[in-house]
Amino acid sequence: MKTYSRHNCKSAHRTAQTFLRCAVPRAAWVAGHGKFALIAWCGVPTITLHQAIEPALQQRAVVDSLGCGGRCRKRHEVVHVDVGGTA
Ligand SMILES: [Zn+2]
Ligand SMILES: [Zn+2]
């Protein structure tokens with residue numbers, strides 16, 4: 001699993017949500033809370049955060065089989081978000 005620890009500004013992000021808005025500026029939306037992100041790189045990226053790895057992997061299994069939207073290309077990735085602080 002990849003760890004996301006790089007973003008595009010010099011401020012310290014306190015939450016994974018603001019971190020990912022910075023790190024993945026193309027994302028249509030970032031939903032939820034937690035350090036584990038399911039990123040759908042299908043068309044415009046969408047990101048859903050989870051508190052633990054298991055629900056993130058479960059959700060990926062669901063979108064892998066059902067598709068995440070109209071232009072799904074099955075590019076669904078679960079990553080760990082390291083915001084660098086104590087978030
Ligand atoms: Zn940033
Ligand atoms: Zn998809």
Side-chain angles (χ1 to χ4, degrees):
M1 183 172 56
K2 265 193 231 173
T3 297
Y4 271 39
S5 57
R6 294 183 56 171
H7 59 99
N8 297 309
C9 75
K10 293 202 167 146
S11 63
H13 298 284
R14 289 194 190 166
T15 67
Q17 190 165 131
T18 58
F19 176 93
L20 285 167
R21 285 183 198 281
C22 181
V24 190
R26 291 193 298 130
W29 41 260
V30 183
H33 298 281
K35 292 182 181 178
F36 296 93
L38 172 63
I39 309 177
W41 297 106
C42 305
V44 180
T46 58
I47 303 175
T48 313
L49 290 164
H50 296 272
Q51 309 275 4
I53 182 69
E54 292 86 0
L57 292 173
Q58 277 171 19
Q59 194 195 3
R60 182 174 67 177
V62 170
V63 294
D64 276 350
S65 61
L66 299 178
C68 66
R71 296 186 165 201
C72 186
R73 288 184 282 154
K74 299 259 196 291
R75 291 185 61 202
H76 311 136
E77 180 178 38
V78 174
V79 302
H80 174 235
V81 180
D82 179 5
V83 299
T86 52

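Whatever order the structure lists them in is the order used to number ligands and atoms, beginning at 1.
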Exercise for review: Measure the shortest side-chain to side-chain distance between Leu20 and Leu49 over non-hydrogen atoms and say whether it is less than 4.5 angstrom.
Suggested key: yes
Review point. Side-chain contact, heavy-atom cut-off 4.5 Å: Thr46 with Cys68?
Key: no
Check your understanding: What angle sits at the Zn ion (ligand 2) between SG of Cys42 and SG of Cys72, to 10°?
Key -> 120°
Check your understanding: So do Val78 and His50 actually touch side chain to side chain, heavy atoms under 4.5 Å?
Key -> no
Check your understanding: Vertex the Zn ion (ligand 1): angle to SG of Cys22 and NE2 of His13, to 10°?
Key -> 110°
**Study point:** Angular separation of His7 ND1 and Cys9 SG about the Zn ion (ligand 1), given to 10°
**Key:** 110°
Point to revise | Centroid-centroid under 6.0 Å between His80 and Tyr4 rings | key: no
